[in-house]
4 protein chains.
Amino acid sequence: MSEEVPLRDQILEISRHLLYEEGYKSLSMRKIAKKADVSATSIYLYFESKDHLLHTLIEESVEDLSRFIESKALPKADSIERFKAITKSYVEFGLQNPEKYEIIYKVRSDSMARYPKEKFRKARRAYELLVKTIEESVDQGLMEVDQPVVAAYSIWAQLHGVVSVVLNKRLDSRIDREQFIEESIEHVVQGFLIRTTVL
Amino acid sequence: MSEEVPLRDQILEISRHLLYEEGYKSLSMRKIAKKADVSATSIYLYFESKDHLLHTLIEESVEDLSRFIESKALPKADSIERFKAITKSYVEFGLQNPEKYEIIYKVRSDSMARYPKEKFRKARRAYELLVKTIEESVDQGLMEVDQPVVAAYSIWAQLHGVVSVVLNKRLDSRIDREQFIEESIEHVVQGFLIRTTVL
Amino acid sequence: MSEEVPLRDQILEISRHLLYEEGYKSLSMRKIAKKADVSATSIYLYFESKDHLLHTLIEESVEDLSRFIESKALPKADSIERFKAITKSYVEFGLQNPEKYEIIYKVRSDSMARYPKEKFRKARRAYELLVKTIEESVDQGLMEVDQPVVAAYSIWAQLHGVVSVVLNKRLDSRIDREQFIEESIEHVVQGFLIRTTVL
Amino acid sequence: MSEEVPLRDQILEISRHLLYEEGYKSLSMRKIAKKADVSATSIYLYFESKDHLLHTLIEESVEDLSRFIESKALPKADSIERFKAITKSYVEFGLQNPEKYEIIYKVRSDSMARYPKEKFRKARRAYELLVKTIEESVDQGLMEVDQPVVAAYSIWAQLHGVVSVVLNKRLDSRIDREQFIEESIEHVVQGFLIRTTVL
DNA sequence: AATGAATGAGTGTTCATTCAT
DNA sequence: TATGAATGAACACTCATTCAT
């Protein structure tokens, strides 16, 4: 009764998994089909083409990421709190949903050329939230930032670097994972706050 | 007379280029061969397999990165200067040698499973240099860092995020590239220096 | 009210069109279904198989051709007039109903092996009329023909050649279409009439 | 020793045969390969694509047809003799080389769109010869023809009709094949000669 | 040092058709 | 009368690799 998972969702789930485990290059319609225990043809009942399937995967992942960040950040009234929530939840999402996170950053670049521009814009909801939050903090004199847009991008990039290193398991064995994450976020964040407390 | 470029090197050069231009998935022995104007079979005279060719490519790129950083950093006697030189040259290398840089980070993850562990260690020369430099700075009371190993990794990751965002041309159009790079490095670096000057 | 076109007829119409526009090879049940805005399965409610559908198409076209020729030729009491009417209407039909004409000659040969013999005979009504008309003309001393059956076939073949060349747009650009048709028919016809007027 | 037939030629031969026997639609690289007892991949060593293979086939057939007609017609000094030789050899070629003849007329129309224009021109060598021959006959007062170009095309078309009917085995069982051919050519030819002898 | 010939496995995709509803 | 779900077979084509020369 409860195992009534629609094939379409199953396909997405399996694709996501295979993509993560074996990489983009080795993802094939047939492999997906075999794992789902259906014929390769059946996939085409739900997705026009491999490209469409991949785009759906990207879209879904981006949407999830955006929603997750919003769910954590929007409730915070205080702009700095919101800022921290964004950075923290971004990393959190990446680490807890490695399959989805990697799709956003790895598949996208390969399948990008054919990815519809309109959907592309949607993808930036969370980023725009970060920009707005920085602007607000600046207005309130809590941050000193030349160009919020640049700062946001820089933060984005740095956080991505952190997540990506952890996910790729390139962590030095001498390093404690949790500590690394904690400290990295802290560093990224602190770099942008005004250090009134220093004195 | 001067155009006597060994085929082996030509193959590596072409592979690097194709890899960057068309992505890992679409790199094929045949395409390499056609570009080099030799038979596909000939590649096998110099490389056991496609995997070996890719590994050579990775190795070479890592070596170049290490050497470049060393050439910029080792001459600096002052540990902070050396620290700055490392971060700056890391980004510089990435932006000036996108083909090599991408091989390190993109191909590696796909081809990783089969990448020999021993070669893997070599790859970290520049990273170890960073660790040592941080330790030195800490000893000299110029940095306040709990675990140099963690800090180094965090820096590494953040810088990678910055380079990767720029290379993937995912820069927001409202953002000036040079400014973004400059500020990002600055932020990463400043986050680790002791702010004696603040007062 | 007036747009109540039975699905069966719609399917035939669409098939005919697709066949003409995109060729036999690319005609598929799915494409037909999509154009008719029904499911592919629905076609099977009216036609046992693709072969049956094609055979229906052939049959229909042959029937139309026969009827058209009969409508033009049968009213003519004079045998020579009837003869001319047959040749003229044959070409006319081909040029005005290219979709149907091509089905008769192009699809048939491909789908032939499986085309039921009995239906095959029906197809020759117009041809038999031509034979009879020639026989009548011979009896009346207006034509000099050894074997009406052979002559009829020869005429048939030549006319087909003419129509087919025009339909395939293989006409030399230096040639006026109408003139070509006119003259070709004239030649075919004149070749069989007794040239009493020559003297 | 003597069975040293190059694979390339074998493939062409087999393709020609399959094309004739089973039609354009059912011709597949796999079937060709199987008949040649090689892997499907091997075909690609000799032909870039299926299209290229088909084009080669067309080209070859057209060339053979042209050469055959030229070999029969060019030696004739007398223009009427040459005219007759052209018509006769055209039909002869079609009947003796049905596989090649059908390729010219059947495959061409399907594969046409992609058939290079330049090669297309070559295809008309024999037709141009017919035009020239008619012009010469007209100049010598042996033929009365308004536009040689139109006449040539008409003849071409009619002959094609004749050959095509015979090849498609659509001949009425009451008809003697040889007689049909003979009489049809005769009719086509006579239609264009000046009937000085009639009186 | 280099190649031409060959291949088995695999790719994304289309097809006619069936079956349960 | 109509359909959605499903499939096995086939398609053109690409791939990394081998082997004899």
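Here is how names work: the chains are called A, B, and so on, in the same order as the sequence lines, proteins then strands, and each is numbered from 1. Only heavy atoms go into these numbers, but all of them, side chains included; no hydrogens, no water, no symmetry mates.
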Numerically ordered, the residues 28-38 of chain A set in heavy-atom contact under 4.0 Å with DNA chain F is Arg30(A), Val38(A)
Taking atom P of dA16(F) as reference, at what distance in whole Å does atom OH of Tyr44(B) sit? 7 Å
Ignoring backbone atoms, test whether Ser42(D) places a side-chain nitrogen or oxygen under 4.0 Å from the OP1 or OP2 oxygen of dT7(E). yes
Euclidean distance, atom CD1 of residue Ile43(B) to atom C1' of dC19(F) [Å, nearest integer]: 17 Å
Using side-chain contact (heavy atoms from CB on, under 4.5 Å), reason through Ile11(D) and Val38(D) one step at a time and then give a plain yes or no. CA-CA 10 Å; Ile11(D) 292 169; Val38(D) 293; 5.5 Å; no
Examine dT3(E): is either OP1 or OP2 under 4.0 Å from a nitrogen or oxygen in the side chain of Thr41(B)? Give yes or no. no
With a cut-off of less than 4.0 Å, is there a side-chain N or O of Ser39(A) near OP1 or OP2 of dT7(F)? yes
Rounded to the nearest Å, what distance is computed from the CD atom of residue Glu48(C) to the C1' atom of nucleotide dT17(E)? 13 Å
G-U wobble or Watson-Crick pairing nucleotide for dA5(E) (cut-off 3.5 Å, both distances): dT18(F)
Output yes when a side-chain donor or acceptor of Lys50(B) lies under 3.5 Å from a complementary backbone atom of Met29(B), and no otherwise. no
Quick one: on DNA chain F, does Leu7(A) or Lys50(B) contact a more 5' nucleotide (nearest heavy atom)? Leu7(A)
Any donor and acceptor pair, going by atom type alone, linking the side chain of Lys100(A) with main-chain N or O of Leu65(A) inside 3.5 Å? no
Check this one for me: any side-chain N or O of Tyr46(B) less than 4.0 Å away from OP1 or OP2 of dA1(E)? no
Classify the nucleic acid contact of Leu27(D) as base, sugar-phosphate or nothing, counting any heavy atom under 4.0 Å across all strands shown. sugar-phosphate
